[in-house]
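Everything on this sheet refers to the single structure shown next.
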Amino acid sequence: MEDGATPWQTEEVRENPVQSATDRGGALVELTATPGGLALVSPYHTHRAGDPLDLVALAEQVQKADEFVRANATNKLTVIAEQIQHLQEQARQVLEDARRDADLHHAACNIVKKPGNIYYLYKRESGQRYFSIISPKEWGTSCPHDFLGAYKLQHDLSWTPYEDIEKQDAKISIVDKLLRQPVALSSSPDPNFQGLTH
């Protein structure tokens, strides 16, 4: 190679002033002999740069990409908004249950309340509310006070209304089963739900 020659400048290139080659990135370029050496020319950029249809297509592609990005973000934000609404509803329910439980714990009771038992709430003529272990059926026609409802005292000292006892017991049973048979999750960072669905 002569002094001042570029790596592409060979005898063959000197004889033919226009040669094709690829640059380091793999793009097709033309090697054109000039008095100062070789010039690299990309035919794609040279022949297509002024094509107005390419600019329109590029603008359409950018606009379409913007629409997809906006739609994708909207979908994700919609899911998050639904989750927030669900959490707000759960929080409201938790507060209502906590108020009810505190209120029931303040009702008069002449016996020691034990978790797992069902208690019956009555109201005297004076307005005082009290718990009894005697149900309205056991009283028969001689029930002395107004019956307000039946509740099961749970082991966390929360109260479950009588009509929800079966559903709540089923939930607790599932949790107890999971606690008795712990699921060994993989330490892999990939999602793994194996064993959680059985």
(request) For Y130, check ring pair (Phe, Tyr, Trp, His ring centres under 6.0 Å) against everything at least two apart and list the hits. (result) Y122, H145
(message) Test of understanding: with side-chain hydrogen bond (donor to acceptor under 3.5 Å, both in side chains), list the residues that count as partners of D164, not counting sequence neighbours.
(response) none
(message) Using the side-chain hydrogen bond (donor to acceptor under 3.5 Å, both in side chains) criterion, which residues pair with D176? Sequence neighbours excluded.
(response) none
(request) Write out all pairs satisfying side-chain hydrogen bond (donor to acceptor under 3.5 Å, both in side chains) with one or both partners inside residues 61-82, taking only residues at least two apart or from two chains. (result) none
(request) Could I get the full list of side-chain hydrogen bond (donor to acceptor under 3.5 Å, both in side chains) partners for E96, not counting sequence neighbours? (result) R92
(request) Apply salt bridge (charged side-chain N to carboxylate O under 4.0 Å, His left out) to R100 and list each qualifying residue two or more places apart in sequence or on a separate chain. (result) D97
(message) Can you list everything that forms a side chain to side chain contact (heavy atoms under 4.5 Å, CB included) with L95? Sequence neighbours excluded, please.
(response) R99
(message) Y120: which residues meet the ring pair (Phe, Tyr, Trp, His ring centres under 6.0 Å) condition with it, sequence neighbours left out?
(response) none
(request) Could you list all the ring pair (Phe, Tyr, Trp, His ring centres under 6.0 Å) pairs where at least one residue sits in residues 74-105, not counting sequence neighbours? (result) H105-W159
(message) Considering only residues two or more places apart or on different chains, which pairs with a residue in residues 134-155 satisfy salt bridge (Lys or Arg N to Asp or Glu O under 4.0 Å)?
(response) K152-D169
(request) Applying side-chain hydrogen bond (donor to acceptor under 3.5 Å, both in side chains), name anything that partners T160, two or more places apart in sequence or on another chain. (result) Q154
(request) Using salt bridge (charged side-chain N to carboxylate O under 4.0 Å, His left out) as the criterion, list what pairs up with D103, not counting sequence neighbours. (result) R129
